[in-house]
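Scroll down for the structure; my scribbles are underneath it.
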Amino acid sequence: MEKELKINTADSFKEKLWIGIPVVLLVGLLSVLIYNHHAEFTWDGFVNGFNEEFLVFFAIGVFAQLVDGTLGMGYGATSTSFLLAYGVPPVVSSTAVHVSEMFTTGASALSHHRFGNINKKLVKHLLIPGVLGSITGAYLLSDVIDGDVIKPFIAVYMIVLAIIIIRKALKKNIVKKKTKKLGALAVFGGFMDSVGGGGWGPIVTSTLLGRGRNPRYTIGSVNAAEFAISFASGITFMLFGGIHGWQVIIGLILGGVVSAPLAAYLVNKIKRKPMMVAVGILIILLSLKTLSKLL
């Protein structure tokens with residue numbers, strides 16, 4: 001009886017950690033941001049910031065998180081494609097996406113945990129390799145790579161991601177196979193996510209679903225791991241590149257946090273294939289628009 005009680009207490013403590021760690025990290029991050037950057041904000045500037053542009057960024061945040069939370073992919077690809085098409089520079093858009101993702105993926109992870117969508121073993125396999133890949137990519141984009149030079153390459157990369165999403169949606173019979181080299185998959189997904197402003201979901205989720213894994217637990221687990229990946233890349237962007245585009249960041253955060261619980265609830269309710277095809281086509285159109293401005 002005593003042994004059972006100890007096991008239950010340990011399990012209860014572990015469950016609390018799954019909620020406690022994201023909450024503590026988010027509160028800590030918010031406190032640091034307010035402390036370090038409060039001088040940049042004035043009341044007039046704050047009020048004036050809530051204009052038509054802010055509503056655009058808020059709407060992008062809502063839509064991107066609905067896509068990501070229900071499909072397990074697409075937040076970075078969707079929001080980056082919209083931001084680039086809207087004329088936001090690559091470094092600003094990538095920084096904004098990753099800083100906002102630190103909050104939206106935290107809200108998404110908590111929501112998926114609440115609805116029981118997480119396979120904790122899968123999360124642990126993806127976590128550390130994904131973080132290492134994302135830190136490397138964020139450092140290169142912040143301190144080594146010229147954002148303007150890679151802008152057309154990012155647009156092409158987004159088209160490739162969109163094709164992957166559509167291809168996975170149209171695949172009829174998926175035979176369940178054992179997933180090998182999860183660590184290598186997570187490193188590549190984290191790296192491309194940081195450099196391209198998106199890719200963790202389309203690369204990792206689509207590969208795992210293509211191997212026949214359960215969609216509900218795959219989406220919930222990849223979203224939960226994405227919190228750590230986004231947190232690592234966001235901190236790296238802050239350290240090496242600073243933070244730019246506060247209006248973009250706040251719009252994306254508020255939009256994403258508002259829609260995260262709804263997305264986690266809808267993950268098992270919507271028809272995934274039509275949604276994946278629609279999102280893929282949308283990303284292709286946005287990326288082609290970005291390319292047309294550059295050519």
Inset, instruction - Please test Ile219 against His112 for side chain to side chain contact (heavy atoms under 4.5 Å, CB included), starting from the C-alpha separation and ending with a verdict. - result: CA-CA 9 Å; Ile219 292 165; His112 279 294; 4.2 Å; yes
Legend entry - Minimum heavy-atom distance Ala138-Ser233, with the two atoms named: CB-O, 3.7 Å
Legend entry - Distance-minimising heavy-atom pair for Ala109 and Phe227: CB-CB, 4.5 Å
Legend entry - Parallel, tilted or perpendicular: ring planes of Phe115 versus Tyr265, cut at 30 and 60 degrees: tilted
Inset, instruction - State plainly whether one hydrophobic cluster holds both Ile118 and Tyr217, where clusters connect Ile, Leu, Val, Met, Phe, Trp and Tyr through side-chain heavy atoms under 4.5 angstrom apart. - result: no
Legend entry - Ile128 with Val131, same ILVMFWY side-chain cluster at under 4.5 Å: no
Legend entry - side chain to side chain contact (heavy atoms under 4.5 Å, CB included) between Glu101 and Val97, worked out: CA-CA 6 Å; Glu101 272 191 310; Val97 166; 3.9 Å; yes
Inset, instruction - Check whether more than 12 heavy atoms from other residues, nucleotides or ligands sit under 6.0 Å from atom CG of Leu127, and answer yes or no. - result: yes
Inset, instruction - Assess the side chains of Asn223 and Ser108: does a donor N or O sit below 3.5 Å from an acceptor N or O? - result: yes
Legend entry - Distance (rounded to the nearest 0.5 Å) between Ser100 OG and Tyr75 OH: 3.0 Å
Inset, instruction - Output the distance between atom CD1 (Ile135) and atom OG1 (Thr236), rounded to the nearest 0.5 Å. - result: 4.5 Å
Inset, instruction - Identify whether Val56 and Val99 are in the same connected component of the hydrophobic contact network (ILVMFWY, side-chain heavy atoms under 4.5 Å). - result: yes
Legend entry - Shortest non-hydrogen contact from Leu208 toward Leu185: CD2-CD2, 4.3 Å
Inset, instruction - Show your working on side chain to side chain contact (heavy atoms under 4.5 Å, CB included) between Leu122 and Leu182 and close with a plain yes or no. - result: CA-CA 9 Å; Leu122 178 58; Leu182 270 175; 4.1 Å; yes
Legend entry - Shortest non-hydrogen separation from Ile229 to Gly190 and the atoms involved: CG2-CA, 4.5 Å
Inset, instruction - Output yes when a side-chain donor or acceptor of Asn117 lies under 3.5 Å from a complementary backbone atom of Gly220, and no otherwise. - result: no
Inset, instruction - For side chain to side chain contact (heavy atoms under 4.5 Å, CB included), just list the numbers for Leu140 and Phe191, CA-CA rounded to whole Å, side-chain angles, deciding distance to a tenth of an Å, and then say yes or no. - result: CA-CA 10 Å; Leu140 289 175; Phe191 178 82; 3.6 Å; yes
Legend entry - Shared hydrophobic cluster for Val92 and Leu252 (ILVMFWY, side-chain gaps under 4.5 Å): yes
Inset, instruction - Would you give the length of the straight line joining atom CG of Leu55 to atom CD of Glu53, rounded to the nearest 0.5 angstrom? - result: 10.5 Å
Inset, instruction - Output the distance between atom OG1 (Thr105) and atom CD (Glu226), rounded to the nearest 0.5 Å. - result: 6.0 Å
Inset, instruction - Output the rest of the hydrophobic cluster of Val187: all Ile, Leu, Val, Met, Phe, Trp and Tyr residues reachable through side-chain heavy-atom contacts under 4.5 Å, sorted by chain and number. - result: none
Inset, instruction - Give a yes or no on whether the backbone of Ser230 and the side-chain of Trp200 come within a donor-acceptor separation of less than 3.5 Å. - result: no
Legend entry - Leu254: partners by side-chain contact (heavy atoms from CB on, under 4.5 Å), with sequence neighbours left out: Phe54, Phe58, Ile250
Inset, instruction - Identify the heavy atoms of Ala186 and Pro129 that sit nearest to each other, and give their distance. - result: CB-CB, 3.8 Å
Legend entry - Non-hydrogen side-chain atoms of Val88 and Phe57 separated by less than 4.5 Å: yes
Legend entry - Minimum-distance pair of heavy atoms, taken over all atoms of Ala225 and Leu126: CB-CB, 4.1 Å
Inset, instruction - Could you tell me whether the side chain of Thr104 and the main chain of Gly256 form a donor-acceptor pair under 3.5 Å? - result: no
Inset, instruction - State whether the side chain of Ser221 and the backbone N or O of Thr218 hold a donor-acceptor pair below 3.5 Å, judged by distance alone. - result: no
Legend entry - Gap between atom CD1 of Ile163 and atom CD1 of Ile281 - 0.5 Å precision: 11.5 Å
Inset, instruction - Starting at CZ of Phe63, measure out to OG of Ser259 and round the result to the nearest 0.5 Å. - result: 10.5 Å
